[in-house]
Amino acid sequence: MSDKQYDTLIIGAGAAGLMAGIQAAGRGKQVLILEKMERPGRKLLITGKGRCNVTNCCTVEDFMLNVLSNKRFLYSSLNALNPYEVMGFFEDCGVALKVERGERVFPVSDRSADIVDALVNKAQQSGCRITRACVKELILDTNSEGKLSVCGVITEDGQTIHASSVIVATGGKSYPATGSTGDGYRLARQAGHKVTPLRPSLIPLVCKEKTCRDMMGLSLKNVVLKVVDTRSGKEVFSELGEMLFTHFGVSGPLVLSASCHMQPDKNGSLEHYKLYIDWKPALSHQQLDARILRDFEQFINKDFINSLGLLLPKKSIQIIASLSGIPFDTKINQITKAQRTALVDIIKAMPLTPTAFRPIEEAIVTAGGVDVSQINPKTMESKLASGLYFAGEVLDVDGYTGGFNLQIAFSTGFAAGTYC
């Protein structure tokens, strides 16, 4: 490798790196993609629970509503490669796609490997060379005007690889077993770039209550999760969807989205927030009360604890009953209106206390990253070092769950590959 001059070196063979390589090689560039892991696309393989949520079938305008940080930075790249064009790209590669709830796009096969294979095959067919190597540092030079430029890289095993341009597409810090160990931030700092504080985004929440562990494995659909900042009383998140109870707290799509709106205090605690689960959002308090009365009529001679089987999942019954304050052995015909109101209130707003995010390594996305004010939004080129580009999760841009983050990776990779 050390004796050859490439046009473009790409560090990282993930979504952004492979798309950048395909685009650059398609323009006739001699492209070498360096990947530290044994095989390309390791993180892609685990996205969408192994199904790979490729993108979101929506317009650029709707897409922007789901971007959490630095929306304006993405306008150029998203318009250059929008979600419909990403769908067309994979279908042209022979991967049939389907659109599911929330406009999430998946391969019909439900196999993320089909997406990875399509990208790798297309990159190789386009002329990209993919090889295993871990990059230690950038080779930087200064011209007569004092402007930095990149000339190549030095690998961990001491090889020097020269190139006219280098694209850093190393991912973030989440899921380090897939190769995302924060290397890109180190390389960015070497070139003088600012890296904004890193934090987990789209991440499960640890909760104080033992009730979560008691309901471990219970998956809820069509519930509403609300998040309230108790310091101001302000509701910072409210959405209908799915969630899951775990041994440590809560997870699932609703929780991951909610986590984006929560900021830990200086000690890393989230206890200034309160979560509220509405188990029956389709029913008003009055309608739920009427529903409970109908159920009670069927169980008129039974104990209270044995009357909720038609209303709630089995794993939740003891928890909800306990939180209502109604003794389990109370006969149905002895339950007062006030007790019934307490039951309705707890079903409509069951409280949980989040204490912390799970470790950043478990986050789907790393928020924060290379400061985009130092990056050209059209080309993804560094404003500090000519020939140096950044794409994908290493940048300080992120979105909600639902295919938005992969689309950001594809679009920014496409832009870098277009202009490198």
More than 12 heavy atoms from other groups under 6.0 Å of CZ on R72: no
Show every donor-acceptor pair shorter than 3.5 Å between a side-chain atom in residues 211-224 and any protein atom, with sequence neighbours excluded, or say none if there are none.
| unit_1 | atom_1 | unit_2 | atom_2 | d |
| --- | --- | --- | --- | --- |
| D214 | OD1 | K210 | NZ | 3.0 |
| D214 | OD2 | K210 | NZ | 3.1 |

Centroid separation Y273 to H261 less than 6.0 Å: no
Heavy-atom pair of closest approach, residues L44 and G14: CD1-C, 4.4 Å
NZ (K348) with more than 12 external heavy atoms under 6.0 Å: yes
Residue pairs involving residues 75-96 (criterion side chain to side chain donor-acceptor pair (under 3.5 Å); sequence neighbours excluded): N82-E85
Straight-line distance of Y400 OH to E239 CD, nearest 0.5 Å: 7.0 Å
Side chains of S269 and N267, donor plus acceptor under 3.5 Å: no
Partners meeting side-chain hydrogen bond (donor to acceptor under 3.5 Å, both in side chains) with D398 (sequence neighbours left out): S69, S201
Separation between OG1 of T412 and OH of Y389, rounded to the nearest 0.5 Å: 14.0 Å
side-chain hydrogen bond (donor to acceptor under 3.5 Å, both in side chains) evaluation trace for T401 with S257: CA-CA 6 Å; T401 183; S257 293; 5.8 Å; no
Separation of I317 CD1 from S322 OG (nearest 0.5 Å): 13.5 Å
Pair K43-E393, side-chain contact (heavy atoms from CB on, under 4.5 Å): steps then yes or no: CA-CA 12 Å; K43 190 173 180 182; E393 194 181 346; 2.8 Å; yes
K315, NZ: over 12 other non-hydrogen atoms inside 6.0 angstrom: yes
Minimum side-chain heavy-atom gap F390-I167 below 4.5 Å: no
P83 versus C58, closest heavy-atom pair with distance: CG-O, 3.6 Å
Minimum-distance pair of heavy atoms, taken over all atoms of G152 and L9: CA-CD1, 4.2 Å
Set of side-chain contact (heavy atoms from CB on, under 4.5 Å) partners for Y185, sequence neighbours left out: K173, R189, V195, L198, T366, V394
Tell me which donor-acceptor pairs under 3.5 Å the side chains of residues 303-310 have, and how far apart each pair is, sequence neighbours excluded?
| unit_1 | atom_1 | unit_2 | atom_2 | d |
| --- | --- | --- | --- | --- |
| D303 | OD1 | K331 | NZ | 2.8 |
| S307 | OG | F304 | O | 2.6 |

Shortest non-hydrogen contact from M380 toward A415: CG-CB, 3.9 Å
S411 versus Q407, side-chain donor and acceptor atoms under 3.5 Å: yes
Separation of M64 CE from E61 CD (nearest 0.5 Å): 8.5 Å
Contacts of T418 that satisfy side-chain contact (heavy atoms from CB on, under 4.5 Å) - sequence neighbours left out: Q23, F414
For H285, all residues meeting side-chain hydrogen bond (donor to acceptor under 3.5 Å, both in side chains), sequence neighbours excluded: none
By side-chain contact (heavy atoms from CB on, under 4.5 Å) - contacts of T142 (at least two apart): L148
Heavy atoms from other residues, nucleotides or ligands near NZ of K378 exceed 12 (cutoff 6.0 Å): no
Heavy-atom pair of closest approach, residues L205 and M262: CD1-SD, 3.9 Å
K122, NZ: over 12 other non-hydrogen atoms inside 6.0 angstrom: no
Any pair counted as side chain to side chain donor-acceptor pair (under 3.5 Å), so long as it reaches residues 97-121, sequence neighbours left out: R51-E100, R51-D110, K98-E100, K98-D110, R101-E242, S109-D114, R111-D114
Full working for ring-ring contact (aromatic ring centres under 6.0 Å, His included) between F410 and F90: CA-CA 12 Å; F410 291 135; F90 283 106; 5.6 Å; yes
Presence of salt bridge, K234 and D229, under 4.0 angstrom: no
Test side-chain contact (heavy atoms from CB on, under 4.5 Å) applied to I139 - qualifying residues, sequence neighbours left out: C151, I154, T160, H162
Crowding at NZ, K194 (>12 non-hydrogen neighbours, <6.0 Å): no
Over 12 foreign heavy atoms within 6.0 Å of NZ, K274: yes
Residues which pass side-chain hydrogen bond (donor to acceptor under 3.5 Å, both in side chains) with S251, listed by chain and number, not counting sequence neighbours: none
Step-by-step side-chain hydrogen bond (donor to acceptor under 3.5 Å, both in side chains) determination, T170 to D183: CA-CA 7 Å; T170 51; D183 297 347; over 6 Å; no
Partners passing side-chain hydrogen bond (donor to acceptor under 3.5 Å, both in side chains) against E209 (at least two apart in sequence or in another chain): T353
Whether over 12 other heavy atoms sit under 6.0 Å from Q339 CD: yes
